[in-house]
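We use all heavy atoms of the structure for the numbers below, so side chains are in, but hydrogens, waters and symmetry mates are not. Only a predicted model underlies this, so the values are computations on that prediction, with no experimental measurement involved.
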Amino acid sequence: MTEGEIEAQLATLTSLRAAIGQAIVGQAEVVEQLLIGLIAGGHCLLEGVPGLGKTLLVRSLGEALHLDFRRVQFTPDLMPSDILGTELLEEDHGTGKRHFRFQPGPVFTNLLLADELNRTPPKTQAALLEAMQERTVSYGGVTHPLPQPFFVLATQNPLEQAGTYPLPEAQLDRFLLHIRVGYPSEAEERAILAQTTGSGMPAVPRVMEGAAVLSLQALVRQVHLSDGLLDWITRIVRASRPGDGVPDVVTRYVRWGAGPRAGQSLVLAAKARALIHGRLAATREDIAALAGPVLRHRLLLSFAAEAEGMDADAVVAGLVAGVGGPVG
């Protein structure tokens with residue numbers, strides 16, 4: 001790509017952020033991480049208590065992208081076929097013969113909002129595993145490809161709330177980023193009240209086509225990452241696994257560490273963040289900023305961590321500090 005084409009691509013990202021800002025007040029870091037997941041080609045899990053605008057944020061992104069967008073409200077009685085699709089028995093009125101026809105479910109879209117994913121039982125949660133990893137759906141011995149790009153944005157409520165089911169580790173590992181949505185500041189909350197209680201809601205303009213998303217995803221993989229930073233990411237991920245020579249915080253508070261997919265996610269996320277900030281080379285700051293969102297859902301903490309009030313973010317911070325900085 002020429003320099004002019006790259007600048008044009010980066011301009012679309014700026015326009016996309018501005019379009020989302022038409023409906024979302026504040027949450028700049030959350031929006032940035034959501035865009036990182038989009039252009040890195042991964043899925044995102046947003047966690048926060050109800051009423052913080054998680055669904056509105058994802059819907060605003062869907063409106064800003066000229067892509068097919070569908071929303072599924074996950075409930076305790078939702079079945080896998082409600083997501084993937086099912087086979088219908090049809091009769092040819094001319095010949096009288098009957099045959100099965102696959103009726104695609106809502107997962108056959110570009111942008112899927114899985115709302116309150118952890119309010120449905122594990123059987124239905126697992127229905128998304130193949131779609132998220134392989135971008136296909138297998139049904140009745142036939143594999144059906146999903147549209148491209150394919151992006152799952154899932155929201156979940158904190159596990160302490162009633163009626164929630166923990167997501168299985170295999171599914172959590174498929175999410176590139178685990179994004180935590182916190183309460184707004186006082187000024188932001190006042191702006192939310194003013195913006196959402198008037199006679200009209202601001203419209204979100206459509207600013208990006210599917211081809212532009214795929215082009216940005218390809219551009220992310222061309223962003224430079226030095227050998228020293230690649231070594232640092234490798235050491236961070238490997239140090240998250242309990243064993244000899246790992247930081248003390250891991251030995252005390254972690255039962256199971258992150259797998260190789262965490263390293264892949266951290267590399268791609270760091271490259272995507274560099275691109276969003278207008279750089280064609282990832283830096284130490286990109287990696288440090290995304291270590292928490294990449295690793296927090298991939299660490300299985302011990303009972304000692306829960307007893308002493310250590311959450312995953314504190315463990316990741318101690319892990320990164322214990323590993324030290326990149327060499328060279």
Side-chain angles (χ1 to χ4, degrees), residues 1-21 27-44 61 64-65 148-149 151 173 175-180 207-240 258-298 313 316-317 319-328:
M1 300 180 74
T2 65
E3 184 176 345
E5 290 172 333
I6 293 175
E7 290 178 355
Q9 294 274 9
L10 297 179
T12 61
L13 279 174
T14 303
S15 300
L16 182 59
R17 188 195 289 261
I20 295 173
Q27 303 288 8
E29 185 175 352
V30 173
V31 172
E32 178 174 288
Q33 292 179 9
L34 199 62
L35 295 181
I36 287 171
L38 174 70
I39 67 172
H43 312 291
C44 293
L61 177 62
L65 297 171
Q148 295 299 322
F151 189 43
D173 199 32
F175 286 103
L176 181 85
L177 300 176
H178 180 186
I179 304 171
R180 286 194 170 147
V207 298
M208 189 180 293
E209 304 282 339
V213 174
L214 292 174
S215 180
L216 281 168
Q217 290 177 355
L219 183 59
V220 162
R221 292 180 175 269
Q222 299 179 41
V223 172
H224 177 70
L225 184 79
S226 70
D227 290 340
L229 292 179
L230 188 61
D231 291 340
W232 190 40
I233 290 174
T234 304
R235 287 191 286 118
I236 290 173
V237 174
R238 292 183 64 83
S240 72
R261 191 179 284 118
Q264 296 170 334
S265 299
L266 190 49
V267 168
L268 288 173
K271 289 184 175 185
R273 186 179 186 274
L275 195 63
I276 286 176
H277 286 267
R279 292 181 273 107
L280 293 180
T283 65
R284 173 178 178 168
E285 288 70 29
D286 296 321
I287 297 169
L290 292 166
V294 168
L295 292 174
R296 63 168 58 116
H297 58 299
R298 293 183 162 98
D313 286 345
V316 171
L319 162 65
V320 174
V323 168
V327 178

- With the side chain counted from C-beta on, respond yes when Leu268 and Arg221 share a heavy-atom pair under 4.5 Å apart, and no when they do not. yes
- Task: With sequence neighbours excluded, give me every side chain to side chain donor-acceptor pair (under 3.5 Å) pair touching residues 226-238.
- Result: none
- So, does Gln217 use its side chain to make a donor-acceptor pair with the main chain of Gly42 at under 3.5 Å? no
- Query: Which class fits the ring pair His43 and Phe151: parallel under 30°, tilted 30 to 60°, perpendicular over 60°?
  - Reply: parallel
- Message: Using side-chain heavy atoms (C-beta onward) and a distance below 4.5 Å, is Leu61 in contact with Val31?
- Response: no
- Task: Of all the heavy-atom pairs spanning Val323 and Ala239, show the shortest one and how long it is.
- Result: CG2-CB, 3.5 Å
- Nearest heavy-atom pair of Ile287 and Ala270: which atoms, and what distance? CG1-CB, 3.9 Å
- Query: Roughly how far apart are His297 NE2 and Arg180 CZ, rounded to 0.5 Å?
  - Reply: 11.0 Å
- Gln148 atom CD, over 12 foreign heavy atoms within 6.0 Å: yes
- 4.5 Å side-chain heavy-atom contact, Ile39 and Val213: no
- Task: Apply side chain to side chain contact (heavy atoms under 4.5 Å, CB included) to Val294 and Leu176, showing your working.
- Result: CA-CA 6 Å; Val294 168; Leu176 181 85; 5.6 Å; no
- Item | Main-chain N/O of His178 paired with Arg296 side-chain donor or acceptor, under 3.5 Å | yes
- Item | Heavy-atom pair with the smallest gap, counting every atom of Val223 and Ala274 | CG1-CB, 4.3 Å
- Item | Residue pairs fulfilling salt bridge (charged side-chain N to carboxylate O under 4.0 Å, His left out) with at least one residue in residues 277-293, sequence neighbours excluded | Arg273-Asp286, Arg279-Asp286
- Closest non-hydrogen atom pair between Ala282 and Leu225, with its separation: CB-CD1, 3.6 Å
- Message: How long is the straight-line distance from CD of Gln33 back to CD1 of Ile36, given to the nearest 0.5 Å?
- Response: 6.0 Å
- Query: If we only count heavy atoms from C-beta on, is the Leu275 to Leu280 side-chain gap below 4.5 Å?
  - Reply: yes
- Message: Distance check, rounded to the nearest 0.5 Å: Ile20 atom CD1 versus Glu32 atom CD?
- Response: 11.5 Å
- Please round to the nearest 0.5 Å and tell me the distance separating atom OG of Ser240 and atom CG of Leu319. 6.0 Å
- Item | Straight-line distance of Lys271 NZ to Leu229 CG, nearest 0.5 Å | 11.0 Å
Side-chain donor-acceptor contacts of residues 258-267 below 3.5 Å, not counting sequence neighbours, with atom names and distances?
from   : atom 1 : to     : atom 2 : distance (Å)
Arg261 : NH1    : Asp173 : OD2    : 2.5
Ser265 : OG     : Arg261 : O      : 2.9
Ser265 : OG     : Arg298 : NH2    : 3.2

- Item | Shortest non-hydrogen separation from Ala64 to Leu16 and the atoms involved | CB-CD1, 3.5 Å
- Closest approach of Leu214 and Pro149, non-hydrogen atoms and distance? CD2-CB, 3.8 Å
